[in-house]
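Read the structure below first, then the notes.
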Amino acid sequence: MSNPILWRNLFRQKKAESLLDVLRNVPIFEDLSRSELKSIERILHRRSYRRGEYIFREGETGLGMYIVEEGAVAITVGEPGHEKEISLLRNGEFFGEMALLHEDPRSANAVARVDTIVLGFFQPDLLQLLETNPRLGVSVVMRLARIIAERLQHLLHENKQLQERIDELERNR
Amino acid sequence: MNELSLTTKILIFILFLLLLVIGWYLLNVAGSIISIFLVALVISFLLAPSVDTLERIGVPRLLGSIVMFILFFGLVSAIFYTVTPVIYEEAIRVQHKISVGALRDAIQQVEANVNEQLRILGAVEWKLAPYLENVFSAALSNILGVASGVVYSVIYVFMVVFATFFLLKDGRRIKKSLISAVPNRFFEMTLSIIHKIEWSLGAYLRGILLDAFVVGLLSTFAMWLIGVPNFMLVGFAAGMFNLVPYLGPPTGALLAIIISVVSLGTWEKTIPIILAFIALRLIDDFLVQPMTISKSVRMHPLVVIFAILAGGQFFGILGMLFAVPAVGVFNVILSEFYHGIQRYRPI
């Protein structure tokens, strides 16, 4: 207790561990080893946003995904002032992962609901990871592909249900 | 994709003018320090892919940086200690042959021939010798001036070596720290632009150096085949001057013709030399450049000519040599910045 440096180091260790815990719970990084998670952590960008500040806006070209480390992020659609909230993301949740694969326009706004810290994982860093550590890079890309495939499957299922509902309505008309 | 609005274009233009003025001021105030950093940045750009490759096969970045660093500067030193004396000796031999007196004789011979032709045409006499003599004397005294800065050069090289190592080892960390200072609103845009500039710039620098190396090698081989004396010196000059598009083959040809005429006392090798360098230029244009330099970063001939003239005007012969690569670098940065702004403009 008399040695402040010791306390500071312990604090840092705890902070680092909690960050690795956050990453461990993100599906794209699940099952990665501790050293692999540390490699991922080195390429992430930690950004702070004040309450009400936009992380990105609908229509802007996306470059990568964000993980909420601390705080809350609302995903909204529509013009400023007439926005509709479609999801509220909290610690450990992530968004914008499609932009990791392709620089497409963002399909929604992301706005900090409270003072928030996010971890950004971007395409240039993923490409760099694939260059320098292909094994780890490929496993991240495979997980990303799996998530997107699951989402596509879910959308196809929803689409099928909607089509069936339309057919039913047309039959009853 | 919609075009940028006129106001945004004017703002970008003003921003770049401002950057140019600041850059010019910094170059005047701390030119040598900035140039140390820029040279180190260029070398680290060239070596970074090799360090990445080593990292890919499991070599830690620090060790990879040390290995590449030792290999690169070892190779440069080896070239300096083995090839430079040979080139230097050849240059001295050529200098003896093309002493101002011998040159005066050669020029006077050309002058007499031309004047004879002019007399036939009824034109005035042509006085070339005194002018060219002055030019060559000035160039020689310039070389002596450069040699006097040896101590400064040693310190400069040491600083470049030092900065290169740290840029190689910690480049990513430095970049991450710099990016973290960018405001949230422009963060993704900055990251994307930096990434694209890095990629294009690395490809451009590696491309022009590889192109110059291949042209140098082919020129040396062609001159050896034709039987031009001091063929290594000619090849070296052709390669070096090929850093400036369009200048490598003509410089090589001119040097080869002067050397062959002065050494052998005959013009008979002139046609083969010119033909060889025309062939080299075509090979460079249609075979080497498409493989080494990406089409998107190649420059318009007018820009090249303007860059050479401006470089020569401000910084002399060295300015002419490095103006085009410098404009190429600026061109890559400007176009990536412009496209970046277009992609990320606020909607």
Side-chain angles (χ1 to χ4, degrees), chain A residues 35 38-39 41-66 73 78-80 96 99-100 102-107 109-112 115-138, chain B residues 1-2 4 47-65 68 168-203 336 338-347:
Chain A
S35 68
K38 283 201 158 197
S39 302
E41 190 223 315
R42 273 197 288 274
I43 57 172
L44 295 179
H45 299 261
R46 182 186 265 115
R47 310 287 304 177
S48 301
Y49 292 84
R50 299 189 70 81
R51 181 171 169 255
E53 195 178 356
Y54 280 87
I55 296 164
F56 55 72
R57 289 168 198 261
E58 199 177 330
E60 281 179 356
T61 309
L63 193 64
M65 64 175 272
Y66 291 90
V73 174
E79 293 293 308
L100 263 178
H102 197 256
E103 286 186 34
D104 273 334
R106 300 280 191 190
S107 55
N109 305 300
V111 56
D115 287 356
T116 300
I117 298 170
V118 293
L119 300 165
F121 181 37
F122 300 105
Q123 206 189 69
D125 302 311
L126 177 61
L127 294 175
Q128 180 76 42
L129 186 70
L130 282 162
E131 276 283 314
T132 55
N133 192 344
R135 207 179 64 82
L136 177 58
V138 166
Chain B
M1 194 178 289
N2 292 331
L4 291 176
L47 297 183
S50 316
V51 179
D52 287 349
T53 308
L54 287 176
E55 205 177 348
R56 187 162 55 224
I57 56 168
V59 180
R61 189 136 193 111
L62 173 64
L63 189 61
S65 302
M68 280 320 297
L168 254 187
K169 186 175 87 67
D170 297 325
R172 277 189 224 155
R173 211 180 306 167
I174 294 168
K175 192 176 76 182
K176 203 174 157 183
S177 305
L178 289 174
I179 290 172
S180 69
V182 175
N184 285 336
R185 187 75 198 90
F186 307 105
F187 170 66
E188 277 197 29
M189 181 186 86
T190 311
L191 195 67
S192 170
I193 291 174
I194 288 177
H195 169 69
K196 291 197 163 68
I197 287 173
E198 252 182 348
W199 192 88
S200 305
L201 210 55
E336 291 301 347
Y338 183 77
H339 289 124
I341 292 268
Q342 270 193 323
R343 275 195 304 271
Y344 287 91
R345 83 206 145 82
I347 50 160

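Throughout, protein chains are lettered first and strands after them, A, B, ... in sequence-line order, and every chain is numbered starting at 1.
- Relative orientation of the Tyr66(A) and Tyr49(A) rings is perpendicular, given thresholds of 30° and 60° on the angle between their planes.
- The candidate from Arg42(A), Glu131(A), Arg47(A) with the greatest count of non-hydrogen atom pairs under 4.5 Å with chain B is Arg47(A).
- Residues Phe122(A) and His195(B) place their aromatic rings such that the two centres sit no closer than 6.0 Å.
- Heavy atoms closer than 4.5 Å to chain A are found in the side chain of Arg172(B), but not in its backbone.
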Task: Steps toward salt bridge (Lys or Arg N to Asp or Glu O under 4.0 Å) verdict (Glu55(B), Arg61(B)) - done: CA-CA 6 Å; Glu55(B) 205 177 348; Arg61(B) 189 136 193 111; 2.8 Å; yes

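- Neither the backbone nor the side chain of Arg50(A) has a heavy atom closer than 4.5 Å to any heavy atom of chain B.
- Residue contact with chain B, scored on non-hydrogen atoms closer than 4.5 Å, is absent for Leu129(A).
- At least one side-chain heavy atom of Pro134(A) sits less than 4.5 Å from a side-chain heavy atom of Arg56(B).
- Your options are Arg135(A), Gln123(A), Gln128(A), and the one with the most heavy-atom pairs under 4.5 Å with chain B is Gln128(A).
- In this structure, the portion of Ile43(A) lying under 4.5 Å from any heavy atom of chain B is its backbone and not its side chain.
- Looking only at side-chain heavy atoms (C-beta outward), Pro124(A) and Leu63(A) come within less than 4.5 Å of each other.
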